[in-house]
Amino acid sequence: MQRALRIAHLYPDHMNIYGDRGNIIALTQRCRWRGIAVEVVGVQPGAAVAWASFDLVFFGGGQDSGQALIAADFVRRHGAELCAAIADGLPMLAICGGYQLLGHYFQTHTGERLAGIGAIDAHTIGGDRRMIGDIAITIDGDVLGGGEPLVAVGFENHSGQTYLGDGVRPLGRVIAGHGNNGSDGSEGAVVHHAYGCYLHGSLLPKNPRFTDHLLSLALMHAGGDGALAPLDDHREDAARAVMLERLQPPERPARRWWPIRRS
Ligand code: GLN
């Protein structure tokens with residue numbers, strides 16, 4: 001029998017904003033619906049972590065002040081080992097403030113520089129402009145293990161502008177909203193099986209295909225074949241369709257830039 005999936009939730013009390021905990025709920029609930037045992041371990045400041053005992057890592061977003069409280073602990077205590085685990089294929093999802101700390105550094109709008117662990121070749125510069133609102137991106141199918149591109153929706157709220165190094169693959173392309181930096185059309189980053197992005201909202205309840213891709217990777221990491229029984233996602237699909245309808249550019253009402261399926 002497959003052992004319980006183990007999910008590490010980094011700094012859940014400091015880095016949980018705009019419903020990011022909903023991502024943990026989506027992961028665990030979709031496991032339970034399928035009879036897959038799952039265990040979530042919160043990683044608090046000062047805690048040691050045996051990364052080899054985990055199948056998936058989640059790191060939510062937080063305000064600059066929350067990031068400042070945990071950044072040094074994250075880098076010193078976990079940086080080298082988590083980078084090695086990611087390079088070894090450990091699946092991870094990091095949102096906004098957590099994503100920024102996977103890069104080389106986050107420089108706040110007051111000029112303070114918080115070092116990150118450098119798992120992603122990227123850096124973030126805090127600006128005066130907040131990039132806030134609903135966001136839609138296109139994610140290539142191969143990023144999600146194959147199939148059609150996914151149009152994913154979420155909610156972003158950040159002043160940090162993230163710039164990816166040459167050769168770093170963005171998670172997706174912005175079709176409505178701001179994304180990594182509001183200028184180059186990229187959103188998020190993918191390195192091995194680690195995903196960083198600005199989509200709160202929460203990302204995983206709204207985009208169950210992404211959730212299942214992470215669960216599939218986690219199951220394979222735990223020694224399984226990654227196969228998942230299908231679930232009925234018609235409510236999630238309908239909710240996403242409503243948001244995409246709302247984000248439709250007004251100047252092009254006759255043309256849709258996403259496939260809408262209504263059930
Ligand atoms: N403090 C960061 C920024 O504003 C991250 C914000 C967040 O996680 N929502 O860029």
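All ligand and atom numbering here is 1-based and tracks the order in the structure. Keep in mind that what you see is a predicted model, and the values were worked out from it rather than measured.
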Donor-acceptor contacts, no H, no angles, side chain residues 54-64, under 3.5 Å, sequence neighbours left out:
{"from": "Asp55", "atom 1": "OD1", "to": "Arg3", "atom 2": "NH2", "distance (Å)": "2.8"}
{"from": "Asp55", "atom 1": "OD1", "to": "His221", "atom 2": "ND1", "distance (Å)": "3.4"}
{"from": "Asp55", "atom 1": "OD2", "to": "Arg3", "atom 2": "NH1", "distance (Å)": "2.9"}
{"from": "Asp55", "atom 1": "OD2", "to": "Arg6", "atom 2": "N", "distance (Å)": "2.9"}

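- Partners of Arg169 according to the side-chain hydrogen bond (donor to acceptor under 3.5 Å, both in side chains) rule, which considers only residues two or more places apart in sequence or in another chain, are Asp140, Asp142.
- Under the 4.5 Å side-chain heavy-atom criterion for grouping Ile, Leu, Val, Met, Phe, Trp and Tyr, Met92 is connected to Tyr11 within one hydrophobic cluster.
- When atom types are taken as modelled, the side chain of Asn181 and the backbone of Asp184 share a donor-acceptor pair closer than 3.5 angstrom.
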Show me, pair by pair, the donor-acceptor contacts under 3.5 angstrom made by side chains of residues 160-168, not counting sequence neighbours?
{"from": "Gln161", "atom 1": "OE1", "to": "Tyr163", "atom 2": "OH", "distance (Å)": "2.9"}
{"from": "Thr162", "atom 1": "OG1", "to": "Thr124", "atom 2": "OG1", "distance (Å)": "2.8"}
{"from": "Thr162", "atom 1": "OG1", "to": "Tyr198", "atom 2": "OH", "distance (Å)": "2.6"}

Problem set entry | Steps toward ring pair (Phe, Tyr, Trp, His ring centres under 6.0 Å) verdict (Tyr195, Tyr99) | CA-CA 8 Å; Tyr195 302 83; Tyr99 165 41; over 10 Å; no

Which atom pairs, nitrogen or oxygen on both sides, join ligand 1 and the protein at under 3.5 angstrom?
{"from": "ligand 1", "atom 1": "1 (N)", "to": "Asp64", "atom 2": "N", "distance (Å)": "3.4"}
{"from": "ligand 1", "atom 1": "1 (N)", "to": "Asp64", "atom 2": "OD1", "distance (Å)": "2.2"}
{"from": "ligand 1", "atom 1": "1 (N)", "to": "Gln67", "atom 2": "OE1", "distance (Å)": "2.9"}
{"from": "ligand 1", "atom 1": "4 (O)", "to": "Arg130", "atom 2": "NH2", "distance (Å)": "3.1"}
{"from": "ligand 1", "atom 1": "4 (O)", "to": "Ser159", "atom 2": "N", "distance (Å)": "3.1"}
{"from": "ligand 1", "atom 1": "8 (O)", "to": "Gly62", "atom 2": "N", "distance (Å)": "3.0"}
{"from": "ligand 1", "atom 1": "8 (O)", "to": "Gly62", "atom 2": "O", "distance (Å)": "3.0"}
{"from": "ligand 1", "atom 1": "8 (O)", "to": "Gly97", "atom 2": "N", "distance (Å)": "2.9"}
{"from": "ligand 1", "atom 1": "9 (N)", "to": "Asn157", "atom 2": "O", "distance (Å)": "3.0"}
{"from": "ligand 1", "atom 1": "9 (N)", "to": "His200", "atom 2": "NE2", "distance (Å)": "3.1"}
{"from": "ligand 1", "atom 1": "10 (O)", "to": "Gln100", "atom 2": "NE2", "distance (Å)": "2.9"}
{"from": "ligand 1", "atom 1": "10 (O)", "to": "Ser159", "atom 2": "N", "distance (Å)": "3.3"}
{"from": "ligand 1", "atom 1": "10 (O)", "to": "Gly160", "atom 2": "N", "distance (Å)": "2.7"}

